[in-house]
Structures are given as C-alpha cells and as structure tokens.
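What follows is a single structure, written as structure tokens, with notes after it.
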Amino acid sequence: MNAYNPSNGLMRPDRPVGIVGYGAYVPRYRIPAAEISRMWTGGTGGVPIKEKAVNGLDEDVATMSIEAARNAMLRAQINPQEIRAVWVGSESHPYAVKPTSTIVAEAIGAVPNTQAADWEFACKAGTEAMQAAIAFVGSGMARYALSIGMDTAQGRPGDALEYTAAAGGAAILIGPAAESLVLIDGSYSFVTDTPDFWRRAHADYPSHGDRFTGEPAYFKHVLGAAEALMTAVNRTASDYRWAVFHQPNAKFPERAAQALGFAPDQFKVGLLSPRIGNTYSGSTMIGLTAILDVAEPGDRILMVSYGSGAGSDAFDLQVTERLLEARGRAISTEGYIARRTEIDYATYTRYRDKLKL
Amino acid sequence: MEVSRHWRLQAQRYQLVGETCDSCGVKLFPPRDVCLECEAPAQELYTFTGLGEIYSYTTIYDAPAGFEHNTPYMVALIKLEEGPLVTAQLTDIDPSEAVIGMPVEMVTRKLRTDGDEGMIVYGYKFRPAVEELTAV
C-alpha cells in the first residue's frame, strides 16, 4: 500500500475495507433499439445499442433495490442487524420526498439501528454512496454499510436518450477487509460544474447538451478520474485484469477504455449497455457485478463511474479467494440478462407510464 | 387509503414474517397468534423462505378499484414450502406460462398506488423461480 498523500487526491480509509457482498438486478422486459427507431425514424436511424431493459408495471427503484440488496445479503451471509447504513443512489426515486432507502432497509431486516438516505448525482449516485460506505466502515463507525445504484431511467419519447435509458442496477455491501470478496485499495473523485445533462424539478424527462455530453463531460471526467487514480496507486492498464466504466451507450466506454490502454478482453465482460442499456446510477456498478461473477482471486479491477453535472468516481479493486465460494449463492448478472421478454413500443409506453389516462 | 393499516402489515408484506407454533411446529402465515392445528399459542416469529409452488391460479380482467391499471394480471394460491397457502399476485409471468405445481419465489413489488399523490404500497408477489437458481 502507498502512504497517505492528500495532495494526490487518493481516498483511502485508515482501516482496510472491501466488498463483502454484491447483487445485481435487471428487470425482465427488453425493448430493441430497432423498435424505437421504427417508431421515430421509420427504422432508418442508426442505433447506439441492441436493446434496453425495461421495468414492469409493478417495479420501481425501491423494489429493484430490494432484490439487488437481497442478492448482496445472500452472498455476504451476514446478520442484517449489523448494517449501519442503507444508501440508495438514483435519479428515479419513487417519491420526491420519502426515502427509498427506508423501504429497502425494512425489507432486508436492517431496521431500526441504521442510517438510511437517498443519494443523487445523476448516474454516479451509487458510486458516491459506495465511497461514503467505504468511509463509514473504514472509520470504524460501521461494520457494514450498503450502497445501491439503481434506476428506472427516463427518456423523452423520440429523444436520443430514449434508445438507451434503461432499468436495473446493483447493490454493493462494504465491510472489513478480512471478510471481503474484493479488497478496495483506494478511490478518487473528479468533479467540476459541467451542465451536460439535467432534469428540473417536476419535469418528466431530462434535457441534455447533445454533443456537449462527450469530450467536456464524459471523457474529461472519466479519463481524469482514471488517470489520477492509476497515478496515485502507481498502476497502469496492464496491471488490471478487468476494467468497467459508466456506460451511457456502447461507444463511449469503449473509447475511454482504449484511451487508457485497455484491451477488449479487459472491458467487454463489464460492458453490458449493448444488451441492457444505460441503467444510469446502476450502470457502472452492475458492470462490476458481471465481472465479479467471473473474476479470479488476485485479479485487479479498475472501476470508473460518471455522473452528469459532472463527476467521476474511480476505484482500485482486487479480488480475494472468498469470492469463489460467495458468488454462486445468488443469481448471476448474466442470469438476469438471460431472463428476457421482448416488448413492443406500445407495451413499453404502458409499462413506462407514458400513457396519460 | 389508510396509511396505518398498510404500515402495520409491513413485516408480513415485505419479508413474509409469519409465526411458528412452539408445541407442534406448524408454520402460520399470515400470523394469527394461535396455532391452526393444535390451538396452542403461536407467537414466535418466523420468516418464510419465500419458495413455494402454484396450487391454483386465475387471471383477473375486471379488477377491483386500485388495480385497474394492471389488468390483465394473475392471482394464485401459493403453497409455501413450509406448508401454508398464501393468496398473492403472480408477476413476471404470461397467463399462458402458469401451471399448477410451478415453482415460484417471493419478490417485493408495488401492490398499488393511491393516485398520483398518495402512498405507494409494497408487498409480496410471486414469480416463476429463476432457472439458474433452481438448477443449483
């Protein structure tokens, strides 16, 4: 481990911590991008992904977070009463005022001796909850802290984002390093005021800056965070077996990975957006769960989120032996992706509450 | 909608918390405080696994107030692996897929919403057991 050096921005707690449980959730329904293109461009437009995951009529961020959290608990095999924080990052919380996190905490049996809060930072709300959970456990304030990134993302009908705005996410349970499936060597956050994407209060759909979402937004922050973290921990792309990035489409994370020197066999396993879309706050974290379903002890993982507005959180992770026995205790991420029912645009508008009755 | 009524049922709705009888071991859901078999007091809490099978089912096309937006949907009697029969909605299923004896698992879903401004009520439903896990 490197010595603590505040000037390089590396965040590492006094007490070593790691991931003691993880769980994914992807709803059953898929709408192909070609079906959305059929509706708005007569099928002539190019599409950014193959298809995206859509939540059912009775699903929202609370229900989806509960299932991901239960999967994390199955893998961790801990007493939920020892959890001191349940944090849900999302930009589609079911209530404007009333925490999603209390519903999740109640459902997994973590109440009442726990902190609970909802986090918001566009698509990186889940990873900032992860960083706070690292601090909570790393300071000794908590033995376990649960961080969740989950969304039922909104896309305006006909907008470019409608092709990708998807539903899904993951829960990551942070705990002591000695019990960890994955060690967390450190993290780093890179944040500026960059208005590339937003949704105003009471607005149903977000607005965005079109091409402005690329270089000055996604790439500047993702590459900035990744490079600063790798410099701080003195590692290069070849030191990592796996890399996972925020996935607003298929193209951006591929370009970012290649700019950092990663080869496809390092980033393809965690690149789920072509098959489930952009799950916003869930995007980076569910990509990580797909990697953890196949990674081997000793493998290093670079994880970099991105949230519009804008910022990136980067994490340096290393798999332990404990992962091998834990991962089979819950449904794999690919298991959820394989559970697939295709829907047409009409069904999609109904499930996404776009029909005003 | 009565907020307190829904709040009071959270333990059973979110986690399938029922009771077990100290004297004969029978598991009860919903909790009744008295054993249905031996009539002894049964107040020990028991959290059901949420695994079971379809005992019988039907499809609802003409729904009661509060559920109109979800039609058609399925309702079933679920035989829990610990014994009790529970009435619940099926979810993540097409009516043509359901068969008696189908393995199902509990999930927490939205049961109903009280208009645009009222509370959202969550609780148990059952879905076909995801194959990857049943194969283990």
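In what follows, every chain begins at residue 1, and chains take the letters A, B, ... in the order their sequences are listed.
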Heavy-atom distance under 4.5 Å to chain B: side chain of Ile108(A), backbone, both or neither? backbone

Determine, stepwise, if the pair Tyr122(B) / Asp60(A) fulfils side-chain hydrogen bond (donor to acceptor under 3.5 Å, both in side chains). CA-CA 10 Å; Tyr122(B) 298 94; Asp60(A) 62 19; 2.6 Å; yes

Under 4.5 Å heavy-atom distance to chain B, tell me which part of Ile66(A) shows up: side chain, backbone, both or neither. side chain

If you define the side chain from C-beta out and look only at heavy atoms, does anything of Tyr29(A) sit under 4.5 Å from Asp92(B)? yes

For the pair Lys356(A) and Asp116(B), evaluate salt bridge (charged side-chain N to carboxylate O under 4.0 Å, His left out) and give the outcome as yes or no after the intermediate values. CA-CA 11 Å; Lys356(A) 297 302 172 196; Asp116(B) 286 338; over 6 Å; no

Looking at Ile120(B), is its backbone amide N or carbonyl O close enough to the side chain of Tyr95(A) to form a donor-acceptor pair, meaning the two atoms are under 3.5 Å apart? yes

Would Lys98(A) and Glu117(B) count as a salt bridge (charged side-chain N to carboxylate O under 4.0 Å, His left out) here? Give the steps. CA-CA 12 Å; Lys98(A) 158 83 185 81; Glu117(B) 297 190 3; over 6 Å; no

Side chain, backbone, both or neither: which part of Tyr25(A) has an atom under 4.5 Å from a heavy atom of chain B? side chain

What pair of heavy atoms forms the shortest contact from Ile331(A) to Arg127(B), and how long is it? CD1-NH2, 4.1 Å

Given that the side chain runs from C-beta out, which part of Arg13(B) has a heavy atom under 4.5 Å from chain A: side chain, backbone, both or neither? neither

Which one, Thr341(A), Asp58(A), Leu355(A), Ile103(A), leads in non-hydrogen pairs under 4.5 Å with chain B? Asp58(A)

CD/Glu39(B): more than 12 non-hydrogen atoms of other groups inside 6.0 Å: no

Would one find more than 12 heavy atoms of other residues, nucleotides or ligands at under 6.0 Å from atom CG of Asp62(B)? no

Kindly compute the distance separating CG (Leu57(A)) from OG1 (Thr91(B)), expressed to the nearest 0.5 Å. 8.5 Å

Is the OH atom of Tyr205(A) crowded by more than 12 outside heavy atoms at less than 6.0 Å? yes

Counting only non-hydrogen atoms closer than 4.5 Å, does Ile93(B) touch chain A with its backbone (N, CA, C, O), its side chain (CB onward), both, or neither? backbone

Using the side chain to side chain donor-acceptor pair (under 3.5 Å) rule, pick out the option among Glu59(A), Arg70(A), Glu106(A), Glu67(A) that qualifies with Thr108(B). Arg70(A)

